[in-house]
There are 2 protein chains.
Amino acid sequence: METCVHCLNCKLRHMCFPSMLNQSEMSRFNGIIDHRRKVRRGQRLYSAGDTFQNIYVPRIGSFKTVLSSEHGAEHVTGFYLIGETLGLSGISTKRHIVNAIALEDSVACVIPFQQLESLCREMPRLQQHIYKLLSAEIAQKSQGMIQLGSMTAEQRVAAFLLNISARLGARSYSITELSLHMTRGDIGNYLGMTLETVSRTFSRFQKNGLIRVRGKNITLSDAHALNCL
Amino acid sequence: METCVHCLNCKLRHMCFPSMLNQSEMSRFNGIIDHRRKVRRGQRLYSAGDTFQNIYVPRIGSFKTVLSSEHGAEHVTGFYLIGETLGLSGISTKRHIVNAIALEDSVACVIPFQQLESLCREMPRLQQHIYKLLSAEIAQKSQGMIQLGSMTAEQRVAAFLLNISARLGARSYSITELSLHMTRGDIGNYLGMTLETVSRTFSRFQKNGLIRVRGKNITLSDAHALNCL
DNA sequence: CGCATTCTTGAAACGCCTCAAACTTGGTGG
DNA sequence: CCACCAAGTTTGAGGCGTTTCAAGAATGCG
């Protein structure tokens, strides 16, 4: 745990909660945040069953969320990149329902939800941001269901790459150079296919000049073609 | 459109927003609701692209939400039974992103979201209810992704039946007698399989004594076995 | 550097989809 | 009231995409 968090000086403030707040609001928001959490690759930011107290924003690194079914199977329900918000799915049950696992050595800002909630009562724009986050997550999951339900493996992989690209772009990172820190197994699990199918699809895309694969680093060479599969 | 909505006298109030409010709060909540909407089978409650102004609670009947992809394909993203809440996915974009279509002749209460939002500022329990609804929808979609991603067609159909059963049970309806007003095509689309596979799976379940099929009416004879597939 | 993990690629097997035809249901009008 | 028609459902046969199983190659962390 680190202390002394200053949103004002944070390089990521324009892609985080403070982005919709004015200076005095940001200062009040900053007041409820007192630390960050360092999480090593493979370690958990929070676990299924934990009391829901905080939501988190990765400042360095990235995470996956994993839901364990009753039958012992595990399913990757999402990936969370720098500046995105994790933990919201625990609100309704007051407990987290997934494990959040770091895909690389990571650091996340810790936002106490109860204090955030009372702050929202006085700052409508903050409230609206929370709604947006929740609603966007519903839209994202719906999108995921479409991918899984009505697309071929090839289309799903293409949609996945474009989705990551767009999310990186929205946070001013390169939209062509992706570092996929999750394994092929994670991607396959998330997309509802085997890791072999993911690997084979990457290879086929590369052969056709749509992408370039160098281990976990993938270059999108022809995003348009990916979108038209 | 009907007028004169009185939550106090509504038979469904214990499974709706007012359930977590005291009498005076309920009365204020009631104040922002001034009508219901009647929607005939196959007609839309709202359409993708519509400005997001209201959320809805079916009082009679049920709905499906359909997302149209760019490529012209349509995908069923959810079913909404009596007392459940529709329309939340439009919050983030200020526009609805799906078409909400009545599965039978239906009536829904219309809740103006902006007024609901300001009411929330003064009634924390109402606020928490909204959070719960949003968060529960995320959980529901995540569950849906698991179904689509890592289950066989048989398991998906079983999970679907048990899910509907549980949701009816949560609203004090029979958990064994289901009226599925959606078509086999809708179910298949939602579950990521063809309507033929849905039909074949129902037939197989019936042959094995797990359910009884009489057109759209399905009886769960062995819920435990369905859960163990 | 070495070992565990991850990734790639191949061949065979299986589950679901596609196409097709017959049957059932429910709403409409003669 | 029944015939009719459209919409929805059931069932079968064959084909295809994805999975499974397996073995070797490439990463990358300690």
Side-chain angles (χ1 to χ4, degrees), chain A residues 40-43 61 64 73-76 101-106 147-161 178-208 211-218 229, chain B residues 40-43 64 73-76 101-105 147-161 178-208 211-218 229:
Chain A
R40 301 199 68 86
R41 176 192 150 85
Q43 297 301 109
K64 65 176 173 182
E74 298 212 316
H75 199 271
V76 176
I101 298 167
L103 295 170
E104 55 196 301
D105 292 351
S106 302
Q147 285 182 24
L148 291 173
S150 65
M151 291 173 143
T152 65
E154 214 168 53
Q155 291 173 318
R156 276 179 262 175
V157 173
F160 170 75
L161 291 173
L178 318 183
S179 296
L180 302 179
H181 287 276
M182 64 294 280
T183 67
R184 303 288 193 261
D186 285 334
I187 297 171
N189 185 312
Y190 177 69
L191 294 177
M193 66 188 72
T194 58
L195 63 95
E196 292 95 328
T197 302
V198 175
S199 177
R200 271 187 255 270
T201 307
F202 279 168
S203 299
R204 202 175 322 123
F205 283 171
Q206 178 161 248
K207 202 180 68 184
N208 298 339
I211 65 175
R212 227 189 115 209
V213 184
R214 275 144 24 255
K216 299 205 174 293
N217 295 100
I218 293 193
L229 279 175
Chain B
R40 300 199 69 87
R41 176 191 151 87
Q43 297 301 110
K64 67 175 173 182
E74 298 211 315
H75 199 271
V76 176
I101 298 167
L103 295 170
E104 55 196 302
D105 292 350
Q147 285 183 26
L148 291 172
S150 64
M151 290 173 143
T152 64
E154 213 168 54
Q155 291 173 318
R156 277 179 263 175
V157 173
F160 171 75
L161 291 173
L178 319 183
S179 296
L180 302 179
H181 288 274
M182 64 293 282
T183 68
R184 303 287 193 261
D186 285 335
I187 298 172
N189 186 312
Y190 177 68
L191 294 177
M193 65 187 74
T194 59
L195 63 94
E196 293 95 327
T197 301
V198 175
S199 177
R200 271 186 254 270
T201 307
F202 279 169
S203 299
R204 202 173 325 122
F205 283 170
Q206 178 162 246
K207 203 180 67 184
N208 298 340
I211 64 175
R212 225 187 118 209
V213 184
R214 279 148 14 261
K216 298 206 174 292
N217 295 99
I218 293 194
L229 279 175

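This structure is a prediction, so every number in the text was calculated from the model and none was measured. Naming: A, B, ... by sequence-line order, numbering from 1 per chain.
The backbone N or O of A:S199 lies less than 3.5 Å from a partner atom in the side chain of A:S203, making a donor-acceptor pair. Panel note: side chain B:R156, backbone B:G192; a donor-acceptor pair is recorded below 3.5 Å.
Residues A:F205 and A:L229 are in side-chain contact: their nearest non-hydrogen atoms beyond the backbone lie under 4.5 Å apart.
The two residues A:G149 and B:L148 come nearest to each other via the heavy atoms N-CD1, 4.2 Å. Minimum heavy-atom separation, A:T197 to A:A153: CG2-CB, 3.8 Å. Taking every heavy atom of both residues into account, A:H75 and A:Y190 meet most closely at CE1-O, 4.2 Å.
One end of the helix from C:dT8-D:dA23 to C:dG30-D:dC1 points its axis 40° away from the other end's axis, with each axis taken from 5 pairs and the angle rounded to 10°.
Counting to the nearest Å, the C1' atom of D:dT27 and the CZ atom of A:R184 are 11 Å from each other. Protein atom CG of A:N189 is 16 Å distant from nucleotide atom C1' of D:dT18, rounded to whole Å. Atom C1' of nucleotide D:dC29 and atom CG of A:D105 are separated by 11 Å, given to the nearest angstrom. As rounded to whole Å, 14 Å separates atom C1' of D:dT18 from atom CG of A:L148. Distance A:Q43 CD to D:dC29 C1': 15 Å, rounded to the nearest Å. When rounded to the nearest whole Å, the span between NE2 of B:H181 and P of C:dG26 equals 11 Å. Spacing between atom CZ of A:R214 and atom P of D:dG28 amounts to 12 Å, rounded to whole angstrom units. Here the P atom of nucleotide D:dT27 and the CD atom of A:E104 are 19 Å apart, to the nearest Å.
How far NZ of A:K64 is from CD1 of A:I187: 11.0 Å, rounded to the nearest 0.5 Å.
Partner of B:S179 under the side chain to side chain contact (heavy atoms under 4.5 Å, CB included) criterion, chosen from B:N217, B:L103, B:I218: B:N217.
For the pair B:T183 and A:A153, both in contact range of DNA chain D, the more 5′-proximal nearest nucleotide belongs to B:T183.
OP1 or OP2 of D:dT9 lies within a sub-4.0 Å distance of a side-chain N or O belonging to B:K216.
Residues from residues 191-204 of chain A that place a heavy atom under 4.0 Å from any atom of DNA chain D, listed by number: A:G192, A:M193, A:T194, A:E196, A:T197, A:R200.
The pair B:R40-B:D105 counts as a salt bridge, with a side-chain nitrogen and a carboxylate oxygen less than 4.0 angstrom apart.
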